[in-house]
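Each remark here refers to the structure printed beneath this line.
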Amino acid sequence: SFMETRRSRFIPDALLPQLRESLQAHDIEPSSQSLTASNTVLGRSLAPALLKLRSDRPNLNKHQVETLLVENLEAEENSVSQWINYLNVVAAVAPMIGLLGTVSGMISAFQTIGQGGMGRPELLAGDIGEALITTATGLVIGIPAMIFYFILRNRMGHQMIQTTQTASELIDAVEED
């Protein structure tokens, strides 16, 4: 849903100025605790990574911190995107189910013709109606599902980029004196 891809689920904006200041002062552990408490993608990704920093010489193991951050961000993205992918499944399967109904309706129509219903179109109407209704239903479900899938996937991608950039900026705020 749109609620799951809003910025506040990814980045605790109100906390950022305090975090930058805290990290510039090399207060690593309190920063990590604040991030954890935020319950955001940034917090769950960056908090454990920050604990790898050495407060006396932060640039010494910055690469390890960034590697752990990337791994955590990938895990978070997989977790968040899992439900978005279900929408893609619905978008792909709904038209196929509609097509299955179309085939079923057409088989029934041909069976009716085979039983001598060619001269009586009213006997074919139900079978053809079944075929058309299932096709339309599959498309009515599949097309909006596909549209929402792409919208939500793009929103999530944008939020992940913003989160990654924010995390990098916060790591860069920890500099050696």
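Both backbone and side-chain heavy atoms feed into the values below; hydrogens, waters and symmetry mates do not. Predicted model only: the values in this text are computed from it and were never measured.
The minimum heavy-atom distance between Leu139 and Pro95, with the atom names listed, is CD2-CB, 4.4 Å. Nearest approach of Pro48 to Gly43, heavy atoms of both residues: CD-O, 4.0 Å. Closest approach of Asp127 to Ser108, counting heavy atoms only: OD2-O, 3.1 Å. Here the closest heavy-atom approach between residue Glu4 and residue Phe10 is recorded as O-CE1, 3.5 Å. Taking both residues in full, the closest heavy atoms of Leu15 and Ser34 are given as CD2-O, 3.6 Å, listed atom of the first, atom of the second, then distance. Of all heavy-atom pairs between Ser32 and Ala47, the closest is OG-O, 2.9 Å.
Distance CG/Leu50 to CD/Gln33: 11.5 Å, rounded to 0.5 Å. To the nearest 0.5 Å, atoms NZ (Lys62) and CG (Leu69) are separated by 12.0 Å. Distance check, rounded to the nearest 0.5 Å: CZ of Arg20 to OG of Ser31 gives 12.0 Å. The distance from the CG atom of Leu23 to the CG atom of Leu170 is 6.0 Å, given to the nearest 0.5 Å. Residue Arg153 holds its CZ atom at 11.5 Å from CD1 of Ile151, rounded to the nearest 0.5 Å. Rounding to the nearest 0.5 angstrom, the gap separating the CD1 atom in Ile128 from the CD1 atom in Ile133 is 12.0 Å.
Hydrophobic side-chain contacts under 4.5 Å tie Val93 into a cluster, directly or through other members, with Val89, Ile97. Hydrophobic cluster membership for Met96: none, as no Ile, Leu, Val, Met, Phe, Trp or Tyr side chain comes under 4.5 Å of it.
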Are Gln24 and Val174 close enough, and set up right, to give a side chain to side chain contact (heavy atoms under 4.5 Å, CB included), and what steps lead you there?
-> CA-CA 5 Å; Gln24 285 170 347; Val174 185; over 6 Å; no
Are Gln111 and Ile107 close enough, and set up right, to give a side chain to side chain contact (heavy atoms under 4.5 Å, CB included), and what steps lead you there?
-> CA-CA 6 Å; Gln111 286 175 341; Ile107 289 170; 4.0 Å; yes
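No side-chain heavy atom of Tyr149 sits less than 4.5 Å from a side-chain heavy atom of Val90. Put simply, the side chain of Asn88 reaches to within 4.5 Å of the side chain of Met146, judged on heavy atoms. In this structure the side chain of Arg9 never reaches within 4.5 angstrom of the side chain of Thr40, judged on heavy atoms. A heavy-atom distance below 4.5 Å is not found between the side chains of Asn78 and Asn85. Looking at Leu73 and Met160, their side chains come closer than 4.5 Å, going by heavy atoms from C-beta outward.
Atom CD of Gln165 has more than 12 neighbouring heavy atoms from other residues, nucleotides or ligands inside a 6.0 Å radius. Other residues, nucleotides and ligands place more than 12 heavy atoms under 6.0 Å from the CD atom of Glu169.
Sorted by first and then second residue, the side chain to side chain donor-acceptor pair (under 3.5 Å) pairs with a member in residues 132-142 read Thr102-Thr135; sequence neighbours excluded.
By the criterion of side-chain heavy atoms lying less than 4.5 angstrom apart, applied directly or through intervening Ile, Leu, Val, Met, Phe, Trp or Tyr residues, Leu42 is not grouped with Leu51; the two fall into different hydrophobic clusters. If you chain together hydrophobic residues whose side chains sit under 4.5 Å apart, Ile141 and Leu152 never meet in one group. In terms of hydrophobic clustering, with Ile, Leu, Val, Met, Phe, Trp and Tyr side chains grouped at heavy-atom distances under 4.5 Å, Met156 and Ile147 are assigned to a common cluster. Under the 4.5 Å side-chain heavy-atom criterion for grouping Ile, Leu, Val, Met, Phe, Trp and Tyr, Ile143 is connected to Phe150 within one hydrophobic cluster.
Residue Leu68 is tested with Val70, Val65, Asn72 for a side chain to side chain contact (heavy atoms under 4.5 Å, CB included); the sole match is Asn72.
Residues satisfying the salt bridge (charged side-chain N to carboxylate O under 4.0 Å, His left out) criterion with Glu66, sequence neighbours excluded, are absent altogether. In this structure Glu76 satisfies the side-chain hydrogen bond (donor to acceptor under 3.5 Å, both in side chains) test together with Arg44, sequence neighbours excluded. Among residues two or more places apart in sequence or in another chain, the salt bridge (charged side-chain N to carboxylate O under 4.0 Å, His left out) test is passed with Arg7 by Asp13.
Judged by distance alone, with hydrogens and angles left aside, the side-chain atoms of Arg6 form a donor-acceptor pair with the main-chain N or O of Met3 at under 3.5 Å. Under a 3.5 Å cut-off, the side chain of Ser81 and the backbone N or O of Ile84 do not form any donor-acceptor pair.
Looking at Glu130 and Ser104, their side chains do bring a donor and an acceptor atom within 3.5 Å of each other.
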